[in-house]
Amino acid sequence: MKAVIIGAGMGGLSAGIALTKIGLEVEVYEQVTENKPVGAAISVWSNGVKCLNHLGLESETAALGGIVDTMSYVDGLTGDTMCRFSMQPLIEEVGQRPYPVARAELQLMLMEAYGMADINFGKKMVAVSDGPDSATVTFADGSTAEGDFVIGADGARSLTREYVLGHPVERRYAGYVNFNGLVEVDEAIGPATEWTTYVADGKRVSVMPIADNRFYFFFDVTMPEGQPFERGTAREVLAENFTGWAPGVQKLIDKLDPATTNRVEILDLDPFHTWVKGRVAVLGDAAHNTTPDIGQGGCSAMEDAVAMQFAFADHPDDVHAALAAYESARTERAGDLVLRARKRCDVTHAKDPEATAAWYDELRSEDGTRIIRGIVSNIVGGPLT
Ligand code: FAD
C-alpha cells in the first residue's frame, strides 16, 4: 500500500510518520525548497501533544515546549489582573500538559522524524486525479507520482480540496489581523511560566512561554481585510493600535523585533463533510481551515494523521474502506472545532460589543473553572481522546 502525501506541513508530516509506522510506503512532496514555516509559534494543546507522543516524539516535544503553570487575563487598559488560575486541574483532567512551541522547531522535529532526505522539496502539485487502481498527482515540472491513494495536506489554499469537492471554495475573513513573533521572556510583560492575555476594546495581546526563555507573543487587531502593510513596520502599527494600553503591552511593543514580526490576516472556512473522493483525501487545513482562537487547527491536523493511521491499521488492504473510516471519524469533530473557534473569535473581537463586555465582566469573577471546562471540551473527542 503506497500513499502519496502532498504538503510537508504539520499535517502531512504527521501523516507520513503515522503511516510509515504501520508499514505503508509513503512519499511526501512539498512545493517549497526549504523549511520556512509561516508564523512564530503555536500552542500545541494536550490533544496535539498526545498525537506527537503517539508518533514517538514525547521527549522531543517536551524539550521544545514552554511550561505554562498558570493562565491570566489582564485588563489591557489598566493593567489590572482580571483573573489568574492554575493549569493543573486541566493537566490532571486530560492527562497531558500542553506545550507552546516555536513553529520552526516543531516543523524541524517532524521533518527529522519523517526523514529530511525523504521529503521531495520543490515539487508543486498542479493536478490530481484518480482511477480504478491508483491515484496520480502531476507537478509543475511535468513529473508525476502515483500511489494507491493521495493525501492532500496542502494547507488552507488546498488544490486537493477543490478536486475532492468538485469546485473551489471561498474562505471567510474573520475580521482581524494577527501579529506574532518571539521575544525573550520579560516579567514586565508577564510571568515566565504564565500564559498572559491582555484584553480590551475587542483587541487581544498575549504572551506564552516556549523553550529557551522565550515568549511567543501575538496581537489581534480588528481591521478591514486587505489593508496595506510594509514588512518591518509592525512596531509603528501596534503602537498606534495600542496607544494608552498597559505598561506590559508597551514593553512588548518596544521589545519586539519588527523585522521578524509576522502579520497574518485570519480566515476560516465553513465546515464541510466530504473529505474523500475515490482514492484522494484531504487532511489538516485543507480539510478544516480554522481561526486560531482556540489554538486547535494544527492539533486537529495531527488528530487527522492519527485517525488516518487507525483507519489503515483497521483496513490494511482496502483503500476505500480505510478512507471512508477516516472521513467518518474526523469530519464532525474537526467541523465542531472550526465553529467553536469562530464563536470564540466573535466574542474576543467584539463582533457584538455587548457580548464582549459581558465576557470581560465574567473574566473579573472567573476562578478558572469555566475557562478550563471550555478548553477541556476542545481537547477531548479526538482519536486519542
Ligand atoms: P500547512 O501548515 O499550511 O502546510 C501545508 C503545506 O503544503 C505547506 O508546506 C505548503 O507549502 C504545501 N503545499 C501547498 N500547496 C501545495 C502544492 N500544490 N504542492 C505541494 N505542496 C503544497 N494551530 C494550533 O493547533 N495551535 C495554535 O496555537 C495555532 N495558532 C495559529 C496562529 C495563527 C496566526 C495561524 C494562522 C494559525 C494557527 N494555527 C494553530 C493553525 C495551524 O497553523 C494550522 O492548522 C496548521 O499549520 C495546518 O497544518 P497543515 O499541514 O494542514 O497545513
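All ligand and atom numbering here is 1-based and tracks the order in the structure.
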Student: Say whether Ser300 and Arg333, considering side chains only, have a donor N or O and an acceptor N or O under 3.5 Å apart.
Tutor: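 Absent: no donor and acceptor within the cut-off.
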Student: Mind running ring pair (Phe, Tyr, Trp, His ring centres under 6.0 Å) on Phe229 and Phe179 for me, showing each step along the way?
Tutor: CA-CA 11 Å; Phe229 174 75; Phe179 292 83; 5.8 Å; yes
Student: Could you point out which residue of Asp293, Asp270, Ile294, Thr290 forms a side chain to side chain contact (heavy atoms under 4.5 Å, CB included) with Arg342?
Tutor: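 Answer after filtering Asp293, Asp270, Ile294, Thr290: Asp270.
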Student: Which protein heavy atom lies closest to atom 21 (N) of ligand 1, and at what distance to 0.1 Å?
Tutor: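 Nearest protein contact, heavy atoms only, for atom 21 (N) of ligand 1 is Gln31 N, 3.1 Å.
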Student: Is ligand 1 under 4.0 Å from a heavy atom in the side chain of Asn178, in the backbone, in both, or in neither?
Tutor: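 Answer for Asn178: side chain.
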Student: Hey, can you tell me if Trp245 and Phe242 have their rings parallel, tilted or perpendicular (30° and 60° cut-offs)?
Tutor: perpendicular
Student: Below 4.0 Å from any atom of ligand 1, is there a heavy atom belonging to Cys299?
Tutor: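 Yes; Cys299 lies near enough to ligand 1 that a heavy-atom distance drops under 4.0 Å.
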Student: Taking atom types as modelled, find out whether Asn47 and Gln296 have a side-chain donor-acceptor pair closer than 3.5 angstrom.
Tutor: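 A donor-acceptor contact under 3.5 Å links the two side chains.
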Student: Classify the side-chain pair Ser134/Lys2 by whether it contains a donor and acceptor separated by less than 3.5 Å.
Tutor: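 Ser134 vs Lys2: no donor-acceptor pair found between side chains.
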Student: Applying a 4.0 Å heavy-atom criterion (strictly less than), which segment of Ile6 is in contact with ligand 1: side chain, backbone, both, or neither?
Tutor: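 Side chain only; the backbone of Ile6 stays clear of ligand 1.
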Student: Does the gap between the ring centers of Phe149 and Tyr326 come in under 6.0 Å?
Tutor: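 They do not qualify: ring centres at least 6.0 Å apart.
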Student: If you measure from atom 4 (O) of ligand 1 to every heavy atom of Ala287, Gly9, Ser300, which option wins on shortest distance?
Tutor: Gly9
Student: Is Gly11 close to ligand 1, meaning an N/O of one under 3.5 Å from an N/O of the other?
Tutor: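 Yes - when backbone and side-chain N and O of Gly11 are compared with those of ligand 1, one distance drops under 3.5 Å.
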Student: Any nitrogen or oxygen of Met125, main chain or side chain, under 3.5 Å from a nitrogen or oxygen of ligand 1?
Tutor: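 Yes, there is a polar N/O contact under 3.5 Å.
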Student: Below a 4.0 angstrom heavy-atom separation, can you tell me which part of Lys123, side chain or backbone, both or neither, approaches ligand 1?
Tutor: backbone
Student: Is there a polar contact, in the sense of an N or O pair closer than 3.5 Å, between Lys124 and ligand 1?
Tutor: no
Student: List the steps and the verdict of side-chain contact (heavy atoms from CB on, under 4.5 Å) for Asn53 and Gln96.
Tutor: CA-CA 10 Å; Asn53 295 349; Gln96 174 60 56; 3.1 Å; yes
Student: Check this for me - ligand 1, Gly298, N or O atoms closer than 3.5 angstrom, yes or no?
Tutor: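 Such a contact does occur with ligand 1.
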Student: Answer yes or no: does an N/O atom from Asp285 fall short of 3.5 Å to an N/O atom of ligand 1?
Tutor: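 Yes; the residue has a nitrogen or oxygen that sits under 3.5 Å from a nitrogen or oxygen of the ligand.
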Student: Can a donor-acceptor pair be found between the side chains of Asn289 and Asp268 at a distance below 3.5 Å?
Tutor: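 No, no side-chain donor-acceptor pair sits under 3.5 Å.
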Student: Counting heavy atoms only, which of Ile42, Asp293, Asn289 is nearest atom 29 (C) of ligand 1?
Tutor: Ile42
Student: If you measure every N or O of Gly295 against every N or O of ligand 1, does any of those distances drop under 3.5 Å?
Tutor: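 Yes, there is a polar N/O contact under 3.5 Å.
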Student: Determine whether any heavy atom of Arg157 lies closer than 4.0 Å to an atom of ligand 1.
Tutor: no
Student: Is it the case that ligand 1 has an N or O less than 3.5 angstrom from some N or O of Glu30?
Tutor: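 Between Glu30 and ligand 1, an N or O pair is found under 3.5 Å apart.
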Student: Report yes if some N/O of Met10 lies less than 3.5 Å from some N/O of ligand 1; otherwise report no.
Tutor: yes
